[in-house]
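Worksheet: one structure, shown below.
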Amino acid sequence: MDVYGLLGNPVGHSLSPPMHEAAYDELGLEARYATFEPEADDIEDAIRGADALGIAGLNVTIPFKQAALELVAPEDLATRIGAVNTIDFSGSGPPTGYNTDAIGALRALREHDVALEGEQAVVVGAGGAGRAIAFGLADAGATVAVANRTESTAHDLAAAVPRATGHGLAALEELLADADVLVNATSVGMDADATPVPEDALHEGVAVLDAVYSPLETRLLRDAADAGATTIDGAWMLLYQGVEAFEIWTGRDAPVDVMNEALRSRL
Ligand code: NAP
């Protein structure tokens, strides 16, 4: 029996267990996916202990993604982002750390036929998700403009991402006029029917991904649909970060439709 899991605090409402277990069932894998809630001071013991116990793989979420980077051998993309959300314990050396949030966002866009190479992308938000998405989009060949409520954080992120520029939210209207891709990586829209993007700035030439997945239909996505834009909800990003982790851990193609169904039936 292979044991996988999620390290975070809190993890009570995570959708990862049903999504991964649906994949194990579909492929007939003898595996289980558990959730673990260590205290902040115990993260090193938790990762070392998981390795010692033979746990096959862990996802890592808030508040441990940055600390985990220091406790594993991170892939280059995870190092640049500064956070690890997937750990693979299968090798003989130190566990390998990945950031599949970045890849999840890219796959969500590509699966909806959104071109990225040479395109203009606007990322709203410069927290954990914003960092991952900005680096991912730049690696995919897009030119990235980061806009954040705290403008200095956008400048700091832009300084680290190739070809990127940093802005405050007031620049969004101007940035969006020429944009091909827009990603909301703020938490705005999660708790209230609110959006960080002026409705009038949206147009049919921009594809809009909202990282927020609860609710699935955010005000931003409603405004984007009204403007004739392509819309991609946050469950696609959540799905593909899980798909990527599954494929890293098992070396098998993930049953994407089954995982998508398991996820969406719970949202
Ligand atoms: P985080 O590190 O705490 O960053 C929060 C971001 O939201 C910051 O840029 C912050 O700006 C901005 N923000 C918060 N309140 C705001 C407001 N009232 N107006 C404007 N900007 C505001 O959080 P995170 O981990 O990046 O997560 C951000 C969102 O992405 C969450 O909704 C999370 O659920 C979602 N997410 C989704 C996936 C997925 O797979 N779909 C994966 C990861 C995250 P300041 O810098 O100014 O504070």
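Both ligands and their constituent atoms are indexed starting at 1 by order of listing.
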Note the single closest protein heavy atom to [atom], along with its residue, its atom name and the distance in Å.
atom                    : value
atom 2 (O) of ligand 1  : G128 N, 2.9 Å
atom 4 (O) of ligand 1  : G127 CA, 3.5 Å
atom 14 (C) of ligand 1 : S187 OG, 3.4 Å
atom 36 (N) of ligand 1 : A211 O, 4.0 Å
atom 28 (C) of ligand 1 : A185 O, 3.4 Å
atom 47 (O) of ligand 1 : T150 OG1, 2.6 Å

Distance (rounded to the nearest 0.5 Å) between [X] [atom1] and [Y] [atom2]:
X    : Y    : atom1 : atom2 : result
R110 : I232 : CZ    : CD1   : 12.0 Å
E39  : E37  : CD    : CD    : 8.5 Å
F246 : M259 : CZ    : CE    : 6.5 Å
T96  : D88  : OG1   : CG    : 5.5 Å

If you measure from [atom] to every heavy atom of [options], which option wins on shortest distance?
atom                    : options                : answer
atom 27 (O) of ligand 1 : G242, A105, A129, P196 : A129
atom 29 (C) of ligand 1 : T186, D210, N85        : T186
atom 16 (C) of ligand 1 : Q241, K65, R149, M237  : R149

Q: Kindly assign one of parallel, tilted or perpendicular to the pair H20 and Y33, based on the angle between their ring planes and the thresholds 30° and 60°.
A: parallel

Atoms in ligand 1 flagged as close to [X], the criterion being non-hydrogen separation under 4.0 Å:
X    : answer
G234 : 41 (N)
V212 : 32 (O)
L238 : 39 (C), 40 (O), 41 (N)
I62  : 25 (O)
V188 : 16 (C), 17 (C), 18 (N), 19 (N), 20 (C), 21 (N), 22 (C)
G125 : 9 (O)

Q. Taking atom types as modelled and ignoring hydrogens, do the side chains of H167 and T165 form a donor-acceptor contact shorter than 3.5 angstrom?
A. yes

Q) Are any of the side-chain nitrogens in D226 or R222 under 4.0 Å away from the carboxylate oxygens of its partner? A) no

**Q.** Steps toward salt bridge (charged side-chain N to carboxylate O under 4.0 Å, His left out) verdict (K65, D101)
**A.** CA-CA 11 Å; K65 290 183 186 186; D101 283 336; 2.8 Å; yes

Q. From atom 23 (O) of ligand 1, is the closest protein heavy-atom distance below 4.0 Å?
A. no

Q. Looking at atom 39 (C) of ligand 1, is any protein heavy atom nearer than 4.0 Å to it?
A. yes

Record the part of [X] in heavy-atom contact with ligand 1 below 4.0 Å; permitted values are side chain, backbone, both and neither.
X    : result
A235 : neither
M190 : side chain
N148 : side chain

(Q) Just to check, does A126 reach to within less than 4.0 Å of ligand 1 when the distance is taken from its heavy atoms? (A) yes

Q. Does V124 have a heavy atom less than 4.0 Å from any atom of ligand 1?
A. no

**Q.** Same cluster (ILVMFWY, side-chain, under 4.5 Å), L209 and Y240
**A.** yes

Q | Y213 OH: over 12 foreign heavy atoms closer than 6.0 Å | A | no

Q.
With respect to T153, determine whether any N or O atom, backbone or side chain, lies less than 3.5 Å from an N or O atom of ligand 1.
A. no

Q) Can you tell me if E247 uses its side chain to pair, donor with acceptor, with the backbone of A254 under 3.5 Å? A) yes

Q) For the side chain of R107 and the backbone of L239, is there at least one donor-acceptor N/O pair under 3.5 Å apart? A) no

Q. Taking the six-membered ring of W236 as reference, does the NZ or CZ atom of R264 fall below 6.0 Å from its centre and within a 45° cone about the axis?
A. yes

Q | Step-by-step side chain to side chain contact (heavy atoms under 4.5 Å, CB included) determination, V197 to D223 | A | CA-CA 9 Å; V197 180; D223 290 347; over 6 Å; no

